[in-house]
**Q** 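Sharing a structure here in structure tokens format.
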Amino acid sequence: MTDTTVDRIEQIGDDFHSDPHAYYRRWRGNGPVQHVRGTRGATFWVIIGYAEARAALTDPRLRKGIAGIAEILRAHGQALFEDAGALNAHMLNSDPPDHTRLRKLVNRAFTPRHVAAMRPRIEEITATLLDDMAGHEQVDLLAAFANPLPTTVICELLGVPLADRDDFQGWTKVLIGVSGGPEDAPAAAAAMTGYLRGLIAAKRATPAEDLLSGLVHAVDEGDSLTENELVSMSFLLLLAGHETTVNLIGNGMYRLLQNPAQHRALLADPTAIPAAVEEFLRYDGPVGWATLRYTAEAVRIGETDIPAGELVYVALSAANRDPARYPNPDHLDLTADPTGHLGFGHGLHFCVGAPLARLEATTAFTALLSRFPHLRLADETFTPHWQTNVVLRGLDRLPIRLQP
Ligand code: HEM
């Protein structure tokens with residue numbers, strides 16, 4: 001057994017995103033916690049063991065508060081651009097008691113009962129998108145379906161005009177580092193902030209039956225939500241609502257098409273689709289690494305001592321393929337039981353949108369498989385190009401052929 005207390009720093013290369021699991025497999029022999037240097041030179045800790053990741057996600061010594069993270073980043077010479085302040089005051093960047101107060105405001109909108117009521121509309125949007133696809137022999141599944149489905153749903157839920165989609169998706173992609181460079185981020189943050197402030201002002205003037213109007217109302221009723229928290233909450237919900245589910249559909253369909261026997265089995269038994277969605281989340285879920293946290297005090301995890309004031313990534317994708325938890329973890333098995341996977345996180349910050357994401361993905365796979373039973377990759381030699389992003393894992397395109 002290697003002594004992991006010896007501080008050995010693993011370097012991440014430019015090839016990381018094409019196959020993160022190759023790195024994880026190499027690292028595993030060295031213990032469940034790795035000290036890593038990223039491609040831009042910063043060092044941080046990465047938890048790759050399942051048991052350790054699950055424990056870390058409920059460990060109050062590992063915090064998410066944005067002020068703490070910003071201070072450490074500054075010490076590494078990596079400023080968190082100040083202009084994004086109005087977008088950063090959200091629950092995923094907060095610890096209790098702020099987190100508790102912020103999350104309570106939206107919990108209700110995402111209960112299984114509330115989400116179930118959205119099913120008919122989600123089925124309708126799905127059917128319309130598939131009708132549009134049906135006229136083509138070949139489409140990019142991401143552009144034609146996997147992106148517009150969750151985007152339309154979250155726009156309707158929040159009360160954001162779908163017509164503004166190109167704008168807010170463009171800014172979001174810069175802010176999460178999928179397009180542009182760090183130099184583009186301040187302008188994107190300013191544009192996004194201005195856009196959301198305008199939208200919130202419009203909801204205040206003319207409330208509608210949507211979640212943003214409800215949140216504005218909560219503020220106006222004296223609930224302790226500041227204007228920045230309101231803007232940040234809107235930003236988080238809009239971002240999380242469309243940048244994640246797209247990749248559950250995209251990654252899941254790609255993995256299914258790579259496994260024809262399992263594809264056939266699912267076509268024969270669509271009742272297995274909800275369980276398949278869980279296995280897609282385990283095997284290649286939309287949130288790769290991050291879940292960034294920092295140590296508020298020194299923490300010992302496994303055999304590793306992490307000092308106070310360090311950045312820690314809980315690598316959900318690595319935990320979900322820990323052989324100590326899942327036998328044969330690098331094999332997609334839609335009949336296996338992936339219970340307990342960490343694809344939606346765990347603990348206080350467990351994804352509030354999980355019931356919605358599950359419903360959208362189940363609806364999407366059910367409709368896609370029944371409508372296009374011959375669906376396959378447009379090109380058997382297709383080489384996937386994965387976005388180079390530590391937070392989100394997704395393809396940039398997925399060309400598929402719809403007809404035999
Ligand atoms: C939190 C994954 C869809 C809203 C999280 C976290 C994960 C996650 C892993 C926890 C991050 C951490 O602990 O650091 C996913 C995946 C999705 C998805 C894989 C789709 C397949 C959605 C949707 C929404 C949403 C559709 C909203 C409409 C949120 C919010 C949080 C969150 C608001 C923060 C919760 C908190 O801090 O308490 N999500 N998510 N997510 N997600 Fe999702």
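First listed ligand is number 1; within each ligand, the first listed atom is number 1.
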**Q** Which ring-ring contact (aromatic ring centres under 6.0 Å, His included) pairs, counting each pair once, include a residue from residues 369-388, with sequence neighbours left out?
**A**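 Qualifying pairs: Y254-F382.
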**Q** Go through ligand 1 atom by atom and flag the ones less than 4.0 Å from a non-hydrogen atom of M91.
**A** 33 (C), 36 (C), 37 (O), 38 (O)
**Q** Out of all atoms in ligand 1, which are within 4.0 Å of some heavy atom of L248? Include the element for each.
**A**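 It comes down to these atoms of ligand 1: 21 (C).
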**Q** With rounding to the nearest 0.5 Å, note down the distance linking NE2 in H349 to OG1 in T291.
**A** 10.0 Å
**Q** Can a donor-acceptor pair be found between the side chains of Q262 and D333 at a distance below 3.5 Å?
**A** no
**Q** Counting heavy atoms only, which part of L292 comes closer than 4.0 Å to ligand 1: side chain, backbone, both or neither?
**A** neither
**Q** Could you tell me which atoms of ligand 1, counted from 1 in the order shown, lie closer than 4.0 angstrom to a heavy atom of P286?
**A** 19 (C), 21 (C)
**Q** Against the six-membered ring of Y326, is R282 placed for a cation-pi contact (under 6.0 Å from the centre, within 45° of the normal)?
**A** yes
**Q** Under 4.0 Å between a Lys/Arg side-chain N and an Asp/Glu carboxylate O for R121 and E124?
**A**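 A salt bridge links R121 with E124.
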**Q** In terms of atom number and element, which parts of ligand 1 are under 4.0 angstrom from non-hydrogen atoms of A357?
**A**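 Answer, ordered by atom number: 3 (C), 20 (C), 21 (C).
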**Q** Have a look at G241, A240, A354, G252 and point out the one with the heavy atom closest to atom 4 (C) of ligand 1.
**A**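 Going through G241, A240, A354, G252 one by one, A240 has the nearest heavy atom to atom 4 (C) of ligand 1.
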**Q** Using a strict 4.0 Å cut-off to heavy atoms of R293, name the atoms of ligand 1 that fall inside it.
**A**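 Heavy-atom distances to R293 below 4.0 Å select 12 (C), 13 (O), 14 (O).
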**Q** Tell me which one of N93, V314, L311, L92 satisfies side chain to side chain contact (heavy atoms under 4.5 Å, CB included) with L292.
**A**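 With L292 as partner, N93, V314, L311, L92 yield a single side chain to side chain contact (heavy atoms under 4.5 Å, CB included), made by L311.
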**Q** Show me which atoms of ligand 1 lie under 4.0 Å from any heavy atom of H99.
**A** 36 (C), 37 (O), 38 (O)
**Q** Does K64 approach ligand 1 within less than 4.0 angstrom via side chain, backbone, both or neither, non-hydrogen atoms only?
**A**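 The answer is the side chain of K64.
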**Q** Polar-atom distance check: T245 versus ligand 1, any N or O pair below 3.5 Å?
**A**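 The answer is no, given that T245 and ligand 1 share no N or O pair closer than 3.5 Å.
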**Q** Do any nitrogen or oxygen atoms of H349 lie less than 3.5 angstrom from nitrogen or oxygen atoms of ligand 1?
**A** yes
**Q** Go through E279 and R255 one step at a time and tell me if the salt bridge (Lys or Arg N to Asp or Glu O under 4.0 Å) criterion holds.
**A** CA-CA 10 Å; E279 174 68 350; R255 295 312 185 182; over 6 Å; no
